[in-house]
Every structure is written in structure tokens, then in C-alpha cells.
Enquirer: 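My structure is below; once you've seen it, I'll send some questions.
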Amino acid sequence: MKTKLLIGCLLLAFIVSCKNETANSEVKKTEEISNISVKSYSYDELKPLLEKKDDKIYVVNFWATWCAPCVKELPYFEKINKEYASKNVEVLLVSLDFPRQVEKS
């Protein structure tokens, strides 16, 4: 129940905070920082990651390249992931872009 409420709140915050603007320059900055591969998941594949029952704390962030505020906050989530990794905290970044929007390397 708490997981569903948390996911619902995160989705609501995502929808409310995103403006329909392009963030291409921010995406390019992010790409320059690190080369990260992106795997596409269906909801059925993602669901077990969102419902893990272990001692770890998961911070889940839903974002998209077309959401400028979302792209701007990504480095902060990466910082949280690094700073709290030793404290049993993991950040899951979930892109809501369509697979065709992800550039292939």
C-alpha cells in the first residue's frame, strides 16, 4: 500500500512539475558527463524493481528528456546515489521516453 502511494505521489509530482519544453542542451550536458546504457522495460519487467522487499531504501525518479526540470535534477539524484550507497540507499532513474527516443550508440 505504501509503495503504491509513493509511486502515485511521484507520478503526480512528475506530471505537475514538468513543462512541455525541450531540454536538448541539458541532455547533451548529461551525455558528456557519462556514457550510460539504457535498457527498455515493460511495466511487468519494471514492477518487481519497484516492489522489492529488502532492507534497502529505494529512491525512484521518473523523468523524461522533454521535461527540462527533470533533466536538471538528474545530477542531484546521481549525487544522492553516490553519497548514500554505503548507507543502503539506491536511486532508480526511470525514463519515460519512448525507446525510439533513446539514441543508439
Enquirer: Just jot down the side-chain contact (heavy atoms from CB on, under 4.5 Å) partners of I57, sequence neighbours excluded, or say none.
Expert: V89
Enquirer: side-chain contact (heavy atoms from CB on, under 4.5 Å), that's the test. Do L96 and W63 meet it? Break it down for me.
Expert: CA-CA 6 Å; L96 297 178; W63 69 284; over 6 Å; no
Enquirer: So among L93, V91, V59, which one has a side chain to side chain contact (heavy atoms under 4.5 Å, CB included) with N81?
Expert: V91
Enquirer: Hey, what do you get for OH (Y84) to NZ (K79), rounding to the nearest 0.5 Å?
Expert: 9.5 Å
Enquirer: Looking only at heavy atoms, what is the nearest atom pair of E83 and S86, with distance?
Expert: O-OG, 4.4 Å
Enquirer: Just verifying a value: how many Å separate K72 NZ and C67 SG, rounded to the nearest 0.5 Å?
Expert: 10.0 Å
Enquirer: With a sphere of 6.0 Å drawn around NZ of K52, does it hold more than 12 non-hydrogen atoms of other residues, nucleotides or ligands?
Expert: yes
Enquirer: For the CD atom of E78 and the CG atom of N61, what is their distance to the nearest 0.5 Å?
Expert: 10.0 Å
Enquirer: Looking at N88, is its backbone amide N or carbonyl O close enough to the side chain of D55 to form a donor-acceptor pair, meaning the two atoms are under 3.5 Å apart?
Expert: no
Enquirer: Nearest 0.5 Å please: distance from the CG atom of L50 over to the OH atom of Y41.
Expert: 11.0 Å
Enquirer: Quick check on K82: does its NZ atom have over 12 non-hydrogen neighbours (other residues, nucleotides or ligands) under 6.0 Å away?
Expert: no
Enquirer: Are the side chain of E51 and the backbone N or O of P48 linked by a donor-acceptor pair below 3.5 Å?
Expert: no
Enquirer: Check D97 against A64 and note the closest heavy-atom contact, atom names and distance.
Expert: OD1-CB, 3.5 Å
Enquirer: So V94 and V60, do their side chains get closer than 4.5 Å, heavy atoms only?
Expert: yes
Enquirer: Are K47 and L49 side-chain neighbours, meaning at least one heavy-atom pair lies under 4.5 Å?
Expert: no
